[in-house]
Number of protein chains: 2
Amino acid sequence: MLRRKEKTPFYPDATPILQAVDCIIFGFERDEIKLLLFKRKIEPFKNEWSLIGSFVEPDEAVDDAAVRVLEEHTGLQNIFMESLGCYGEVDRDPGARVISQAYFALIRLGEEETQTVETLQARWFDFDSIPPLILDHNQMVEDALEKVRRKARYRPIGFELLPEKFTIPQLQKLYEAIYQRELDRRNFWKKIQSMNVLEKLDEKDKSTSKKGAYLYRFVQHRYEEMVEQGIDFVL
Amino acid sequence: MLRRKEKTPFYPDATPILQAVDCIIFGFERDEIKLLLFKRKIEPFKNEWSLIGSFVEPDEAVDDAAVRVLEEHTGLQNIFMESLGCYGEVDRDPGARVISQAYFALIRLGEEETQTVETLQARWFDFDSIPPLILDHNQMVEDALEKVRRKARYRPIGFELLPEKFTIPQLQKLYEAIYQRELDRRNFWKKIQSMNVLEKLDEKDKSTSKKGAYLYRFVQHRYEEMVEQGIDFVL
DNA sequence: CCAAAAGTGTTATCGCTACACCCATGA
DNA sequence: TCATGGGTGTAGCGATAACACTTTTGG
């Protein structure tokens with residue numbers, strides 16, 4: 001393992017650069033996709049709105065740094081997270097030359113999470129009221145949202161934003177929020193049923209209608225079987 | 001501008017890390033997609049097969065480093081290049097802790113390029129004969145190929161691999177190489193014609209048949225008009 | 001004149017879209 | 001009983017896939 005400031009015989013002419021990770025955190029609540037932002041704790045730009053981030057430690061993989069950052073700031077583990085891309089302009093951070101690797105995470109919002117996370121210096125924002133962020137973080141958010149929109153159509157990442165048990169109308173609301181347009185109830189139903197990736201439960205959710213809607217669960221292995229059969233997931 | 005080893009008042013506790021870029025270079029020749037590899041010039045692993053790469057300079061954007069690397073090794077400019085992703089495991093390079101940002105590039109292969117590039121320590125490889133590469137470079141190549149395959153279907157990146165003037169059968173051969181399956185001549189024809197992104201020239205290429213095939217040119221602005229009209233590019 | 005690749009049209013099928021109707025139930 | 005959201009079926013249309021025929025020309 002390499003230690004800080006230890007010299008190695010190789011690459012003597014190369015200059016090390018500060019490496020950061022930043023994490024774009026999406027949630028879904030009351031038919032809206034939300035973004036979790038934090039008040040920055042260090043200078044420069046202390047107390048301004050920002051994504052969460054951290055520098056990559058010398059003995060830590062970049063992916064691991066992203067996971068660590070998310071856990072440190074939200075207490076959440078086993079969250080869906082994926083690389084978004086590298087932000088490497090020379091002057092992007094006036095504090096120093098910093099290269100940032102951006103990640104986006106999708107969080108299931110229950111009542112607890114909403115509370116917990118907002119305890120200190122953090123807040124969920126609707127997309128039409130995102131404040132100016134530090135550095136190139138607004139750009140990162142825009143890029144992340146576009147990536148989620150494109151990806152949700154062909155990969156079952158939407159389920160990461162819903163609680164484990166959800167109703168079909170809830171799922172539809174989510175996709176309507178992602179695509180920013182209304183979908184036809186019946187066609188959506190047929191589509192999702194035809195893929196056979198949901199398990200119907202015996203419970204009903206009566207919070208939004210008198211009749212009540214059946215709860216479902218996403219079944220990962222059914223999705224994998226579907227892919228193996230060469231059937232495409234498209235929603 | 002920041003200089004090497006210059007101290008800044010911010011982020012005193014963070015440890016800088018070496019940042020590299022590596023470039024996966026694809027070409028297309030005689031109905032095959034090829035990969036350009038180089039003999040590594042520095043230790044460790046000197047003289048083994050490798051992607052081209054370089055460390056990112058402190059006053060250089062990461063994207064710019066990728067462009068520089070490509071030009072330094074091939075002499076080519078204005079090449080299609082896109083970010084692939086970050087490779088950031090701690091022990092990926094035994095020479096030092098190095099984080100690499102991978103890029104893939106698509107090159108038009110004419111006779112000149114084939115010659116020029118092969119002058120020193122470089123060679124085009126078919127995919128069934130790629131040698132073991134240093135570090136995680138085999139993984140990068142695999143990831144890049146998958147990304148190109150997925151992307152080619154919805155974006156007109158295939159044209160980057162063809163000479164400026166090409167025939168429809170040539171284009172089809174390219175897509176067959178990308179997708180690894182045969183396509184129907186007539187359906188391919190209809191599809192590409194219906195999108196109206198090609199300009200038919202008065203010349204014919206007689207190298208592959210007695211009858212000869214008309215040459216075409218990809219017209220960028222027609223593609224953009226198509227996108228504006230909400231029509232999808234799909235091949 | 002024939003082999004071999006280029007160029008074009010026609011039909012069947014599948015998936016998506018649009019739309020209409022019944023169900024369950026709390027107020 | 002009625003208003004509201006849940007659950008299901010069907011007909012039309014457009015895109016794709018499968019497939020057959022004509023054209024050109026060097027040998």
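Fair warning: this is a prediction, and the values are worked out from it, not measured in the lab. Naming convention: chains lettered A, B, ... in sequence-line order (proteins, then strands); numbering from 1 in each chain.
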Enquirer: For A:Lys191 and A:Lys210, take the nucleotide of DNA chain C holding the closest heavy atom to each; which residue's nucleotide lies nearer the 5' end?
Expert: A:Lys191
Enquirer: Please give, in whole Å, the distance from D:dG6 P to A:Leu171 CG?
Expert: 13 Å
Enquirer: Send over the distance from A:Asn187 CG to D:dG12 P, rounded to a whole Å.
Expert: 16 Å
Enquirer: I'd like to know if A:Arg108 and A:Glu164 make a salt bridge, using a cut-off of under 4.0 Å between side-chain N and carboxylate O.
Expert: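 Looking at A:Arg108 and A:Glu164, the cut-off is not met.
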Enquirer: Between A:Gln172, A:Lys173, A:Gln180, which is the residue that forms a side-chain hydrogen bond (donor to acceptor under 3.5 Å, both in side chains) with A:Glu176?
Expert: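 Running side-chain hydrogen bond (donor to acceptor under 3.5 Å, both in side chains) over A:Gln172, A:Lys173, A:Gln180 with A:Glu176 returns exactly one hit, A:Gln172.
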Enquirer: Under 30°, 30 to 60°, or over 60°: which ring-plane class applies to B:Phe80 and B:Phe104, parallel, tilted or perpendicular?
Expert: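 Ring orientation of B:Phe80 relative to B:Phe104: tilted.
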Enquirer: What is the distance from OH of B:Tyr214 to P of D:dT23, rounded to the nearest Å?
Expert: 15 Å
Enquirer: Just how far, in rounded Å, is C1' of D:dA15 from CZ of B:Arg186?
Expert: 17 Å
Enquirer: Roughly how far apart are A:Ile52 CD1 and A:Ile24 CD1, rounded to 0.5 Å?
Expert: 9.5 Å
Enquirer: Please confirm whether any donor atom in the side chain of B:Lys211 sits under 3.5 Å from an acceptor in the base of D:dT23, or the reverse.
Expert: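 Side chain to base: pair found, below 3.5 Å.
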Enquirer: Could you pick out which residue, A:Ser209 or A:Asp184, lies toward the 5' side of DNA chain D when each is mapped onto its nearest nucleotide?
Expert: A:Ser209
Enquirer: So which one's nearest nucleotide on DNA chain D is more toward 5', B:Val234 or B:Lys204?
Expert: B:Val234
Enquirer: Taking any heavy-atom pair under 4.0 Å as a contact, classify B:Lys190: base, sugar-phosphate, or nothing.
Expert: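 Answer is base: heavy atoms of B:Lys190 come under 4.0 Å of a base.
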Enquirer: Rounded to the nearest Å, what distance is computed from the CD atom of residue A:Gln193 to the C1' atom of nucleotide D:dG6?
Expert: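 Distance check: A:Gln193 CD to D:dG6 C1' gives 12 Å.
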Enquirer: Rounded to whole Å, please give me the gap between CZ in B:Arg185 and C1' in D:dT16.
Expert: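 Result: 17 Å.
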Enquirer: How is B:Thr208 classified with respect to the nucleic acid when contacts are heavy atoms under 4.0 Å: base, sugar-phosphate, or nothing?
Expert: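 Touches sugar-phosphate only.
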Enquirer: Give the first and the last nucleotide of DNA chain C, reading 5' to 3', that has any atom under 4.0 Å from a heavy atom of chain B.
Expert: C:dA5 to C:dT10
Enquirer: Would A:Phe166 and A:Phe218 count as a ring pair (Phe, Tyr, Trp, His ring centres under 6.0 Å) here? Give the steps.
Expert: CA-CA 9 Å; A:Phe166 52 85; A:Phe218 175 69; 8.0 Å; no
Enquirer: When the distance from CD of B:Glu182 to C1' of D:dA18 is rounded to whole Å, what number comes out?
Expert: 15 Å
Enquirer: Can you check the B:Trp189 CH2 to D:dT23 C1' distance for me, whole Å?
Expert: 12 Å
Enquirer: Starting from the C-alpha separation in whole Å, work towards a yes-or-no answer on side-chain contact (heavy atoms from CB on, under 4.5 Å) for B:Asp202 and B:Leu215.
Expert: CA-CA 7 Å; B:Asp202 278 334; B:Leu215 286 165; over 6 Å; no
Enquirer: Would you call A:Lys151-A:Glu82 a salt bridge at under 4.0 Å N-O?
Expert: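 Judged by the 4.0 Å cut-off on N to carboxylate O distance, A:Lys151 and A:Glu82 do form a salt bridge.
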